[in-house]
Amino acid sequence: MTFSKILTDWYSVNKRQLPWRQTTNPYYIWLSEIILQQTQIKQGLPYYQDFVSVFPTVFDLANANEAEILKLWQGLGYYSRARNLHAAAKYVVEDLNGVFPTNYKDLLKLKGVGDYTASAIASICYNEVSAVVDGNVYRLLSRYFGIYTPINSSKGAKEFKVLAQELIDKKDPATFNQAVMEFGAIQCKPKSPDCTVCPFNSSCYAYGKDVISELPVKIKAAKVSKKYFNFLVFLTPSHTTILEQRQGKGIWQNLYQFPLIESEKALTSKQLQQELEQFELLEGKTFEVSLYNKDEIVHKLSHQHLYTQFWIVEVDANLAGEIPVSEVEDFPVPILIGNFIEDFNF
DNA sequence: AAAACGGGGCT
DNA sequence: AGCCCAGTTTT
């Protein structure tokens, strides 16, 4: 049996029932693929359902406000995906008359659609023979063929793409692509796969040499940095507070947060007090500060750890740009802020 | 080529 | 603590 045949036979028996497997409508496939980038199905599924429900067509998505889309995306992370989703929807509606590109090359022109996603959409929706290479594919192929090229190197990306393109079922690329990913997710798992029941075990390099845990090879990521975040939760007599939109380049772009003071290390009440003396917003006003969380909240991102303190700042007057506390929950915020809002319950 | 970009889950 | 996830974009 061919590699492809073994895989698709396994798939026909073991595949999960998922909503995006009931359609070949490119809007839904695209939506699911963007949501599932660097995201496990369990985490992405409820977001997919929400998006389909709130934005049933690409026109609905294109006509939405970015804040509305970010709010629905809240908690999923990698927020550039949501911003690019909106930009791509507008492009499809305004430049393509609402019709999605129908091939790999043109799909690549959509913001947020790279090699993997273009191949996924092109194969699933249009039966184009374009192999997907995601984390699952890297794992299966590196183990089965014994390939030690780092998967997160440009050499590795090319090598695995070529190999996958050789293996793909030219008659049914859609099924092959979904099968190889499902196989990686369920059978050829990262940790402790049960190779005794694997249909490839008689010819798998890694199983034969007992090097499953060594593959795939990955170049180590740089160490995570530490940052100290002090969020200022203002409260006025008229039950208002301040939220500001994050600008610029870094994390959480275009999301909202309480005014932030970043520091080299954890601030004491006295130090924060001093910082607030120079705060424009508070000029000539009386205020009182208290620390909300005694222990620092450590918010862990893939490349930095945020040591966070929330400071309650009670002010005796109104503030420029204030919003009613009842409206706080309407804004898209990082989950770190969202968890505080839920806990604090204004 | 390397770094940046989230948050959840598992070991 | 370290690794992984239906990756892409920016530097």
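Note on naming: letters A, B, ... go to the chains in the order of the sequence lines (proteins, then strands), and numbering restarts at 1 for each one.
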Would you give me the side-chain donor-acceptor pairs under 3.5 Å for residues 291-299 of chain A, sequence neighbours excluded?
| from | atom 1 | to | atom 2 | distance (Å) |
| --- | --- | --- | --- | --- |
| A/Tyr292 | OH | A/Asp343 | OD2 | 2.8 |
| A/Asn293 | OD1 | A/Phe310 | N | 2.8 |
| A/Asn293 | ND2 | A/Asp295 | O | 3.0 |
| A/Asn293 | ND2 | A/Thr308 | O | 3.0 |

Check: In residues 100-121 of chain A, which ones come under 4.0 Å of DNA chain B, going by heavy atoms?
Finding: none
Using only side-chain N and O atoms of [X], determine if any of them is under 4.0 Å from OP1 or OP2 of [N].
X	N	result
A/Trp252	B/dA4	no
A/His303	B/dC5	yes
A/His299	B/dG6	no

How many Å lie between [atom1] on [X] and [atom2] on [N], as a whole number?
X	N	atom1	atom2	answer
A/Lys249	B/dC5	NZ	P	11 Å
A/Leu301	B/dC5	CG	P	9 Å
A/Arg81	B/dC5	CZ	P	15 Å
A/Tyr78	B/dA3	OH	P	14 Å
A/Tyr47	B/dG6	OH	C1'	10 Å
A/Gln43	B/dG8	CD	P	6 Å

Next item on the list: May I ask you to list the residues of residues 213-233 of chain A, by number, that have any heavy atom positioned under 4.0 Å from an atom of DNA chain C?
Entry: A/Lys218, A/Lys220
Margin query: Quick check on contacts: within residues 14-39 of chain A, what sits under 4.0 Å from DNA chain C by heavy-atom distance?
Written below: A/Trp20, A/Arg21, A/Glu33, A/Leu36, A/Gln37, A/Gln38, A/Thr39
Any base atoms under 4.0 Å from [X], or only sugar-phosphate, or nothing? Heavy atoms, all strands.
X	result
A/Leu336	nothing
A/Gly250	sugar-phosphate
A/Gln304	sugar-phosphate

Taking side-chain hydrogen bond (donor to acceptor under 3.5 Å, both in side chains) as the test, write out the residues that go with [X], two or more places apart.
X	result
A/Thr241	none
A/Asp169	none
A/Ser130	A/Ser119
A/Gln74	A/Lys71

Item checked: Spacing of the P atoms in C/dT9 and B/dG8 (rounded, Å) -> 24 Å
Notebook entry, point to check: Can you tell me how far P in B/dC5 sits from the matching atom in C/dA6, rounded to whole Å?
Noted result: 23 Å
Please indicate whether [X] has more than 12 foreign heavy atoms, meaning atoms of other residues, nucleotides or ligands, lying under 6.0 Å from its [atom1].
X	atom1	result
A/Gln22	CD	yes
A/Glu342	CD	no
A/Lys265	NZ	no
A/Lys158	NZ	no

Margin query: Consider side chain to side chain contact (heavy atoms under 4.5 Å, CB included). Of A/Phe100, A/Trp30, A/Tyr27, which one does A/Ile121 pass it with?
Written below: A/Trp30
Check: With sequence neighbours excluded, what pairs up with A/Asp60 under the salt bridge (Lys or Arg N to Asp or Glu O under 4.0 Å) test?
Finding: none
Checklist line | Name of the residue among A/Phe51, A/Tyr48, A/Tyr28 meeting ring pair (Phe, Tyr, Trp, His ring centres under 6.0 Å) with A/Trp20 | finding: A/Tyr48
Notebook entry, point to check: Taking for each residue the nucleotide of DNA chain B with the nearest heavy atom, is it A/Asn152 or A/Gly75 whose nucleotide lies nearer the 5' end?
Noted result: A/Asn152
Next item on the list: Among Ile, Leu, Val, Met, Phe, Trp and Tyr joined by side-chain contacts under 4.5 Å, find the other residues sharing a cluster with A/Ile212 and list them by chain and number.
Entry: A/Tyr207
Taking only N/O atoms, report every protein-nucleotides 9-11 of chain B pair under 3.5 Å with atom names and distance.
none

Next item on the list: On DNA chain C, reading 5' to 3', which nucleotide is the first and which the last to sit with an atom under 4.0 Å from a heavy atom of chain A, could you check?
Entry: C/dA1 to C/dT11
Next item on the list: Fit a plane to each ring of A/Phe234 and A/Phe279, take the angle between them on a 0 to 90° scale, and name the class: parallel (under 30°), tilted (30 to 60°) or perpendicular (over 60°).
Entry: tilted
Notebook entry, point to check: Using the ring of each side chain (for Trp, its six-membered ring), is A/Phe258 parallel, tilted or perpendicular to A/Phe340, with breaks at 30° and 60°?
Noted result: perpendicular
Margin query: Just to verify, which of A/Gln37, A/Lys161, A/Glu33 counts as forming a side chain to side chain donor-acceptor pair (under 3.5 Å) with A/Tyr116?
Written below: A/Glu33
Notebook entry, point to check: Taking the six-membered ring for Trp, is the centroid-to-centroid distance between A/Trp311 and A/Phe231 below 6.0 Å?
Noted result: no
